[in-house]
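These numbers come from a predicted model, not from an experiment. The figures that follow rest on heavy atoms only: side chains count, while hydrogens, waters and symmetry mates do not.
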Protein chains: 2
Amino acid sequence: MRHLHSLRYLDAIVRAGSIRKAAETLSITSTALNRRILTMEQELGAPIFERLARGVRLSAAGEILIHHARAQLADMERVKSQISDLSGIRRGHVSIACSQAVLPVFLPEQIARYRGEHPAVTFSVLRRDREAAEQALVDHSADLALVFEPIRFSEFGTLLAVSQPIHVLMSKGHPLAKTRSVRLRDCLRYPIALPSHLYGVRSVLDSAIVRLSAKLRPVIETDSFEFLRHYARQDKTISFQIPIGIAQGTRANDDVSRPIDPRDVPPGILYLGQLRGRTLPVAASRFAEQIATALATSFDEVGSE
Amino acid sequence: MRHLHSLRYLDAIVRAGSIRKAAETLSITSTALNRRILTMEQELGAPIFERLARGVRLSAAGEILIHHARAQLADMERVKSQISDLSGIRRGHVSIACSQAVLPVFLPEQIARYRGEHPAVTFSVLRRDREAAEQALVDHSADLALVFEPIRFSEFGTLLAVSQPIHVLMSKGHPLAKTRSVRLRDCLRYPIALPSHLYGVRSVLDSAIVRLSAKLRPVIETDSFEFLRHYARQDKTISFQIPIGIAQGTRANDDVSRPIDPRDVPPGILYLGQLRGRTLPVAASRFAEQIATALATSFDEVGSE
DNA sequence: CCTCACTGCTGCAGTTTATGCAGCGGCTTG
DNA sequence: CAAGCCGCTGCATAAACTGCAGCAGTGAGG
């Protein structure tokens, strides 16, 4: 819709940090962009940006406005998708911000399944740590978030929450693999590879370790689970992961996982959520329903709030 | 803001029912308006209006769009008011839809008081029956609603609810005025003037009467409380009203009011509310706070929901 | 200290978009 | 069947937007 161009421009400037850069990405001249901002500021009666030597920064008024603008843009998408839906065409776009754990198995499966039914729907998958995921909801760069142990909750509207007990990951022949369930103390006797503090698995482990008045001494600390998994296969280190991140039933899998005894480490929680109070586009809403049922059937649901 | 013109036009057409009529009220030609709609429909990929011989009517897609448009327009007002508020100027506009009962005394007082502090704020007061009040919230023609015994609740977000026992209204010398409280049966012995079924007072009375297995036989039935009050002064009829509608402590008042015994007629409830989930403009929000405290101090608050 | 790269901003000209006028055909109503 | 609306279209005009070239201000780096 033409009438939203100003808002799109605004958004681009905020993201780019300067009018000229934004003009490039929008493939118009900085002149046009600059003028639009000037007229908007005049209409508004207040400056939207502070002018700095290296670009522009949102003023207080601008902060309010950009929030409104992004909401408008997202809402327009929703309207369009609802109208498309009216004529029977299930098209649209779903953007989802998620923790790494759902990337290898769960999300690919789910998206493939959804697109099997609705091939006209496209997806964006944003890998975001737990704090950034909520931010993505706020600035409407994501419709949905699927996050393990999120940090802040103010703008997060929970759709579903499921329990995710921490599992120990190791190669097949590892001594810990003998028992059904593993005690945390036993883990500490082996070299450990850990995800960085950004991740929920780590924070759950950390607080459990504190209660044990022990200390985690990781041999490897990384923010790539990909690396973690491959490394554990070579060295005899152990690692940790949550069930949704573990490929179940794949044959060519030399890795073994065992749950940690819940007395030692309480299960973490995986949240499916959206921006509080927002009405999602049709496609996003349907997809959310799908993964909600998928989650609810595979894992234990946790009473929300 | 210029970029919202299309939405404003859209809204005007829906209200007017035809493009030509709307064009008049907008003081542009029908050509321009028509063209805007056509291009919007093209951009949208779906017709917004059905064309009839006598004008236009919203299509299904149009219904979705107009809802969005009105929300956007209202939200822009909110943004503007928040930005004005930033620079310390408390300006803005508050539109309130309300039952008649608050018109004579309560609302004039409250608005005057608010405008005493913030003279730059302007008001619209829409007298709406209980059903139309909620409709006004939905189509954003009102920010707030102050309604006695509303009918539907789906889109109504309650801010405060206070109890309003029904009072009997009569002229000074009336026999019923002797006691502190009046039984309903006693009222039935006198000629009665009643508001029409549109009003909450009537509906509360009606259901109470049914329980008494008696019948109301009103001498006068009207939708004007103004008339009701003046008539009761001349004839010896009695009438009914809720406390907030009764001028308390004014000297030049020949009317007397007595509460009906709560065993006969349970108190009705006066609701202050807004559109569920909407963020109000600053002025409306402040004003709502003011009347909420005013209501809470004068009357008994009722646990919401 | 000076240079240099980068910023936002402005006057002018060209282009695109929106508007207004007159008029057509279709429909309902009296 | 005529009158009165209605939405819609071709054409000319008015308004808005865009692009080019160039200016002044600012901060980083040598």
Side-chain angles (χ1 to χ4, degrees), chain A residues 1-63 65-66 69 72-73 76 83, chain B residues 1-63 65-66 69 72-73 76 83:
Chain A
M1 299 294 277
R2 174 124 54 259
H3 74 274
L4 291 174
H5 271 157
S6 298
L7 301 185
R8 266 191 263 279
Y9 289 171
L10 195 66
D11 180 52
I13 296 176
V14 174
R15 289 187 196 281
S18 95
I19 295 182
R20 281 182 125 110
K21 271 201 207 108
E24 260 181 70
T25 71
L26 295 169
S27 45
I28 54 170
T29 47
S30 68
T31 320
L33 243 190
N34 177 36
R35 287 242 231 278
R36 271 202 129 97
I37 298 300
L38 290 176
T39 57
M40 282 184 81
E41 290 183 327
Q42 211 161 7
E43 286 171 341
L44 210 65
I48 298 173
F49 291 106
E50 299 172 40
R51 272 68 173 178
L52 311 176
R54 285 271 166 263
V56 291
R57 187 175 53 195
L58 282 173
S59 68
E63 291 281 0
L65 191 65
I66 189 65
Q72 299 250 18
L73 291 170
M76 193 46 173
I83 289 179
Chain B
M1 297 295 274
R2 174 123 55 260
H3 74 274
L4 291 175
H5 272 158
S6 296
L7 302 185
R8 266 190 265 279
Y9 289 173
L10 196 67
D11 181 54
I13 295 176
V14 175
R15 289 187 196 281
S18 97
I19 295 182
R20 284 183 125 111
K21 270 201 207 109
E24 260 182 70
T25 70
L26 295 169
S27 44
I28 55 171
T29 48
S30 68
T31 320
L33 244 189
N34 178 35
R35 285 232 165 73
R36 271 202 128 99
I37 297 301
L38 289 175
T39 57
M40 283 183 81
E41 289 183 327
Q42 213 160 8
E43 287 171 340
L44 210 64
I48 298 172
F49 291 106
E50 299 171 40
R51 272 67 173 178
L52 311 175
R54 284 268 163 266
V56 291
R57 188 175 55 195
L58 283 173
S59 68
E63 292 280 359
L65 191 65
I66 188 64
Q72 301 270 18
L73 290 170
M76 193 43 162
I83 288 179

Looking at every non-hydrogen atom in both residues, tell me the closest pair between A/L7 and A/A69 and how far apart they are.
CD2-CB, 3.9 Å
Specify the closest pair of heavy atoms between A/P47 and A/S59, including all atoms of both residues, with the distance to one decimal.
O-OG, 2.7 Å
Nearest-0.5 Å distance that lies between atom CG in A/L44 and atom CD1 in B/I83
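It comes to 4.0 Å.
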A side-chain contact here means heavy atoms from C-beta on lying under 4.5 Å apart; do B/I37 and B/Y9 qualify?
no
Would you mind reading off the distance between B/L33 atom CG and C/dA18 atom C1', rounded to a whole angstrom?
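It works out to 12 Å between those atoms.
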Could you state the CD1-P distance from A/I28 to C/dT15, rounded to the nearest angstrom?
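Taking CD1 of A/I28 and P of C/dT15, I get 18 Å after rounding.
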Point-to-point distance, once rounded to the nearest 0.5 Å, from CD1 of A/I48 to CG of A/L10
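That separation rounds to 5.5 Å.
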Within the 4.5 Å heavy-atom criterion, are A/E41 and A/L38 side-chain neighbours or not?
yes
When you look at B/T31 and B/R35, which way does the side-chain contact (heavy atoms from CB on, under 4.5 Å) test go after all the steps?
CA-CA 6 Å; B/T31 320; B/R35 285 232 165 73; 3.1 Å; yes
Report the distance from atom OG of A/S30 to atom NZ of A/K21, rounding to the nearest 0.5 Å.
13.0 Å
May I ask you to test the A/M76-B/L65 pair for a side-chain heavy-atom distance under 4.5 Å?
yes
For the side chain of A/T39 and the backbone of A/R36, is there at least one donor-acceptor N/O pair under 3.5 Å apart?
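Yes: the side chain of A/T39 pairs with the backbone of A/R36.
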If we fit an axis to the first five pairs and another to the last five of the helix from C/dC1-D/dG30 to C/dG30-D/dC1, what angle do they make, to the nearest 10°?
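Overall, the helix from C/dC1-D/dG30 to C/dG30-D/dC1 bends by 30° from one end axis to the other.
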Calculate the interatomic distance between A/H5 atom NE2 and C/dA18 atom P; express it in whole Å.
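After rounding, the reported distance stands at 11 Å.
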Taking any atom closer than 4.0 angstrom to a non-hydrogen atom of chain A, what span of DNA chain D does the protein reach, first nucleotide to last?
D/dC17 to D/dG27
Would you mind building the protein contact string for nucleotides 5-11 of chain C? One character per nucleotide, 5' to 3', B for base within reach (heavy atoms under 4.0 Å), S for sugar-phosphate only, - for untouched.
-SBBBBB
